[in-house]
Participant: 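Quick one: this structure, given as structure tokens, is what I'll be asking you about.
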4 protein chains.
Amino acid sequence: MSKNRLEAFSDGVVAILITILVLELKIPHGSDWSALRPLLPVFLTYVLSFIFLAIYWNNHHHMLQATERINGKILWANTHLLFWLSLVPFVTGWMGENHFAAIPTAAYGMVLLGAAIAYTILLRCILAEQRPDSPLAIAVGRDRKGNISLLLYAVAVPLAFVNEWVADLIYVTVALIWLVPDSRIEERVKPKV
Amino acid sequence: MSKNRLEAFSDGVVAILITILVLELKIPHGSDWSALRPLLPVFLTYVLSFIFLAIYWNNHHHMLQATERINGKILWANTHLLFWLSLVPFVTGWMGENHFAAIPTAAYGMVLLGAAIAYTILLRCILAEQRPDSPLAIAVGRDRKGNISLLLYAVAVPLAFVNEWVADLIYVTVALIWLVPDSRIEERVKPKV
Amino acid sequence: MSKNRLEAFSDGVVAILITILVLELKIPHGSDWSALRPLLPVFLTYVLSFIFLAIYWNNHHHMLQATERINGKILWANTHLLFWLSLVPFVTGWMGENHFAAIPTAAYGMVLLGAAIAYTILLRCILAEQRPDSPLAIAVGRDRKGNISLLLYAVAVPLAFVNEWVADLIYVTVALIWLVPDSRIEERVKPKV
Amino acid sequence: MSKNRLEAFSDGVVAILITILVLELKIPHGSDWSALRPLLPVFLTYVLSFIFLAIYWNNHHHMLQATERINGKILWANTHLLFWLSLVPFVTGWMGENHFAAIPTAAYGMVLLGAAIAYTILLRCILAEQRPDSPLAIAVGRDRKGNISLLLYAVAVPLAFVNEWVADLIYVTVALIWLVPDSRIEERVKPKV
């Protein structure tokens with residue numbers, strides 16, 4: 001089964017999500033800079049979510065690049081990932097409009113955690129279709145980056161109730177960890193392509 | 001005539017529909033969990049419609065995979081399917097905001113029924129272009145799953161006026177029936193690809 | 001220059017336009033059938049515009065199918081067409097919400113006329129790149145269908161001020177003329193493919 | 001690494017942005033021409049932004065056409081460009097609704113400047129992957145058009161505070177400069193393809 005439509009559909013959904021985010025930036029009524037001030041927290045969450053969605057698209061791109069066969073399980077694991085990503089605009093707006101209050105910040109982390117788990121499941125489904133020494137399997141290895149992210153999200157969610165800024169800092173940290181494209185895959189797979 | 005653009009256009013429309021659904025989840029004004037409570041029915045219908053649209057995309061994917069020739073009739077049968085799917089966000093929002101009231105629940109079922117009929121017509125148009133012993137024709141067979149779904153929808157719509165929860169239960173049942181990707185097609189077509 | 005991205009971009013824009021249309025169907029607050037009644041004119045314009053956009057996508061599909069070379073002029077003629085199509089959701093909503101009042105009905109016709117002129121320009125740009133006896137040139141011939149549509153729109157716009165229903169009837173007539181896919185192109189081009 | 005998904009993703013985002021723009025054209029409540037009058041400035045900014053996004057898509061198309069290898073840096077430079085473009089609907093709406101007031105006009109220029117810088121960075125990243133005498137490198141040359149645009153934007157932003165119409169005139173001028181597709185690339189690359 002061809003992976004092209006899976007890529008195209010995922011690209012479409014992520015492209016729309018990343019664009020719909022901007023609809024949360026409601027156009028202010030005034031025409032001076034102060035009219036933009038209440039938008040600042042919304043804008044900051046916008047930038048953070050834009051980066052997260054771009055990271056997902058980027059890594060998805062690398063992972064699918066190294067994927068040969070698609071089966072029904074992979075299709076649904078991918079849909080599951082898209083479901084969590086589809087909730088990003090909602091929690092982004094909620095967190096931004098409430099100026100990073102504790103509960104919306106925790107909800108934001110829960111959606112990120114859900115997406116990270118879904119991504120891990122998708123990766124496992126894809127690896128299960130490949131030989132244990134496939135380029136992707138070697139590149140991923142013990143998936144340290146993925147596991148650290150899961151751990152950080154799982155820590156950030158309860159921490160949001162203690163101090164929401166610590167949680168926000170952790171989200172930014174995870175983004176920075178991944179901002180470097182998954183060079184493990186990029187390098188190892190390159191010779192094969 | 002190439003089927004690539006038909007796939008790309010359908011993927012685009014379904015990707016947008018599945019993402020627009022999330023716009024019905026209006027961001028609440030409060031910042032505590034109780035602010036999310038009124039959203040619960042909207043969220044549940046969101047999940048249900050997300051799954052339905054994913055199922056359609058999935059089966060559409062399998063069906064087109066096994067399609068060789070496209071003609072004008074197939075193009076319009078496909079557009080007809082997309083029309084019914086395009087109404088899903090509307091009835092999802094209506095049912096969710098009215099907490100599964102009888103009439104919106106019936107309307108939801110009518111749109112699902114319309115989409116199911118349109119899907120059946122599209123399948124017939126595609127089969128008419130193929131030999132009777134094509135892999136798709138054999139895989140579909142007497143289309144038991146499709147016929148059961150049509151029957152269940154046709155039963156659910158009037159039932160919604162008696163008890164809306166029975167209708168909702170039927171919708172969930174149909175989703176579960178299809179959640180398993182159409183392994184009939186997947187398996188039979190695989191050897192050919 | 002490859003025509004694939006031109007097709008992909010146009011498909012994307014039309015897929016989004018055809019889906020954004022549904023956002024004009026505002027979810028009613030009540031939960032009985034009477035709550036849907038004020039939506040009826042909006043729904044009828046929705047159906048009409050859905051069909052028009054589908055016709056454009058369909059004919060665009062056939063035309064590009066028979067196109068080999070793309071140049072800068074064709075790119076911009078295509079963008080010009082997309083511009084007019086992008087105004088369809090706006091005039092659809094305006095006409096629907098005002099129950100087919102004279103001026104919105106005229107505005108709707110002006111957008112359709114603009115799109116039809118843009119389509120004709122695009123067709124001319126594509127033909128200018130081909131030999132006069134190319135399959136597309138022969139299939140299009142004197143472009144009777146296109147010219148009749150232009151004439152009908154040009155008649156409908158002023159007529160909207162006399163009687164808006166006559167104008168609406170003309171729009172429906174043009175839709176019916178085109179609903180049959182452009183079999184001229186489909187048939188003549190087929191042997192070549 | 002294949003450039004197809006990069007193109008598809010960028011096409012998707014730009015197609016959605018160019019379409020989302022139209023959502024700023026709020027449907028007026030009245031049904032006569034005077035109801036459209038307050039929309040005129042919004043419509044004019046709509047047309048301008050539509051043209052800018054089309055220019056970016058067009059040039060992006062030409063540039064990627066002449067690109068062979070994609071790496072992680074190019075992916076992120078492209079994401080950076082998409083980020084600035086994603087802000088276009090916001091500043092378009094802000095400028096339009098405030099009838100080209102000074103500060104929104106400056107903000108509009110800042111987003112255009114950001115996008116132009118991001119485009120230049122992307123171009124540099126792509127050129128760094130190619131030989132110095134590649135067709136793209138020769139076609140771009142000293143990138144006069146790009147540098148003039150950067151200069152004009154950098155001049156227009158502060159000028160907006162002196163006289164916003166001068167700034168708007170500069171934006172229109174830049175659009176006109178680019179409206180001619182980048183024939184430098186088109187011509188030089190053609191023989192190679």
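If you're wondering where the values come from, they're calculated on a predicted model, not measured in any experiment.
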Participant: Any donor-acceptor pair under 3.5 Å linking the side chain of C/Trp76 with the backbone of D/Leu179?
Facilitator: yes
Participant: Applying side-chain contact (heavy atoms from CB on, under 4.5 Å), name anything that partners C/Ala15, two or more places apart in sequence or on another chain.
Facilitator: B/Phe9, B/Val13, B/Ile16
Participant: I need the contact set between residues 154-174 of chain C and chain D: heavy-atom distance under 4.5 Å, sorted by residue number.
Facilitator: C/Phe161
Participant: Return the option, out of C/Ser86, C/Ala106, C/Ala107, with the maximum number of heavy-atom pairs under 4.5 Å with chain D.
Facilitator: C/Ser86
Participant: Counting heavy-atom pairs closer than 4.5 Å to chain D, which one of C/Arg5, C/Glu97, C/His99, C/Met95 comes out on top?
Facilitator: C/Arg5
Participant: Going by the rule side chain to side chain donor-acceptor pair (under 3.5 Å), which residues pair with C/Thr79 if we only count those two or more places apart in sequence or in a different chain?
Facilitator: none
Participant: Using non-hydrogen atoms and a 4.5 Å limit, figure out which bit of D/Leu53 sits close to chain C: side chain, backbone, both or neither.
Facilitator: neither
Participant: For chain D, find which of C/Pro89, C/Ala101, C/Gly93, C/Ala102 contributes the most heavy-atom pairs closer than 4.5 angstrom.
Facilitator: C/Gly93
Participant: Identify the two heavy atoms, one from C/Leu6 and one from D/His61, that lie closest to each other, and give their separation to 0.1 Å.
Facilitator: N-CE1, 4.3 Å
Participant: Starting from the C-alpha separation in whole Å, work towards a yes-or-no answer on side-chain contact (heavy atoms from CB on, under 4.5 Å) for C/Phe83 and D/Val47.
Facilitator: CA-CA 8 Å; C/Phe83 175 76; D/Val47 175; 3.8 Å; yes
Participant: Which residues in residues 18-28 of chain D have a heavy atom less than 4.5 Å from any heavy atom of chain C?
Facilitator: D/Ile18, D/Thr19, D/Val22, D/Leu23, D/Leu25, D/Lys26, D/Ile27, D/Pro28
Participant: Indicate the atoms forming the closest heavy-atom contact of C/Leu75 with D/Trp57, along with that distance.
Facilitator: CD2-CZ3, 3.9 Å
Participant: Where do D/Phe50 and C/Leu82 come nearest, in terms of heavy atoms and distance?
Facilitator: CZ-C, 3.9 Å
Participant: Please report the interatomic distance CZ(C/Phe90) to CG(D/Leu39), rounded to the nearest 0.5 Å.
Facilitator: 5.0 Å
